[in-house]
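Scroll down for the structure; my scribbles are underneath it.
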Amino acid sequence: MSIILRTLLSFEEGGVEQLKDITEHWVAATRSEEGVVAFHGFMDVEGGKLIFLEHYRDSEAFIIHRDLVSADLRAELYSLAKFESLEIYGDPSEEMENALAAAGARVFNHVASR
């Protein structure tokens, strides 16, 4: 079963262009990851919000992605944006849930789909 993540971050006025560059770089890096179905970055500049919507083939694909993300890229993002929340849509594996537990991930288990 596929997994979708929604990560919400907030940011101050300065650094918008740098955040856009980081987002573009992060999304581009996922193009070579086989298990990534889709990876999107959305920004509300006036509201100071950045959202990542990530769609993975399964929990294992997320674990692979997590291990591939550069620590420098992650540090750069979090130097400009503050983590707000993380939601998981689907039925994540125990390993994935454990990996995201420290972030306070809220899980919405799959009920139905088309």
Side-chain angles (χ1 to χ4, degrees):
M1 154 111 325
S2 68
I3 301 286
I4 298 170
L5 271 66
R6 179 184 178 273
T7 305
L8 174 64
L9 302 118
S10 61
F11 59 89
E12 301 296 322
E13 287 182 37
V16 169
E17 291 308 313
Q18 192 175 0
L19 271 173
K20 286 180 181 179
D21 289 344
I22 292 167
T23 300
E24 289 173 11
H25 181 77
W26 203 318
V27 170
T30 66
R31 290 190 181 112
S32 63
E33 294 180 41
E34 202 173 292
V36 178
V37 176
F39 200 102
H40 305 280
F42 299 94
M43 184 179 282
D44 172 5
V45 174
E46 292 173 12
K49 301 293 182 190
L50 175 62
I51 292 177
F52 285 102
L53 290 180
E54 309 167 37
H55 188 175
Y56 299 96
R57 178 188 61 227
D58 52 26
S59 293
E60 182 181 340
F62 165 77
I63 297 298
I64 291 168
H65 166 77
R66 178 204 61 189
D67 293 344
L68 289 174
V69 173
S70 156
D72 291 341
L73 184 60
R74 189 175 278 127
E76 189 176 10
L77 174 68
Y78 288 112
S79 73
L80 297 168
K82 178 185 171 205
F83 174 82
E84 294 282 327
S85 64
L86 173 62
E87 296 174 343
I88 304 171
Y89 303 96
D91 298 314
S93 67
E94 185 176 339
E95 179 182 10
M96 183 178 177
E97 279 199 63
N98 290 340
L100 297 174
R106 185 169 175 198
V107 177
F108 294 83
N109 293 109
H110 181 259
V111 175
S113 57
R114 179 177 159 299

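The shortest distance between side-chain heavy atoms of Leu19 and Leu77 falls below 4.5 Å. The side-chain heavy atoms of Asp44 and Phe42, taken from C-beta on, include no pair separated by under 4.5 Å. Side chains of Tyr56 and Val36 form a contact here, defined as non-hydrogen atoms less than 4.5 Å apart. You'll find the side chain of Ser2 reaches within 4.5 Å of the side chain of His55, heavy atoms only.
Side chain of Thr30 to backbone of Glu33: no donor-acceptor contact under 3.5 angstrom is found.
Grouping the Ile, Leu, Val, Met, Phe, Trp and Tyr side chains by contacts below 4.5 angstrom, directly or via other members, places Ile51 apart from Leu100. Ile4 is not connected to Phe62 by any chain of hydrophobic side-chain contacts under 4.5 Å among Ile, Leu, Val, Met, Phe, Trp and Tyr, and they are in different clusters.
Paired with Asp91 under the rule side-chain contact (heavy atoms from CB on, under 4.5 Å), one option of His110, Met96, Glu97 passes, and it is His110. Exactly one of Arg66, Glu60, His65 qualifies for a side-chain contact (heavy atoms from CB on, under 4.5 Å) with Ile63. That residue is Arg66.
With a 4.5 Å cut-off between side-chain heavy atoms of Ile, Leu, Val, Met, Phe, Trp and Tyr, the cluster of Leu68 takes in Ile64.
The CD1 atom of Ile22 lies 12.5 Å from the CZ atom of Arg74; values are rounded to the nearest 0.5 Å. Interatomic distance, Glu54 CD to Trp26 CH2, rounded to the nearest 0.5 Å: 7.5 Å. Atom CD of Glu34 and atom OG of Ser32 lie 10.0 Å apart (nearest 0.5 Å).
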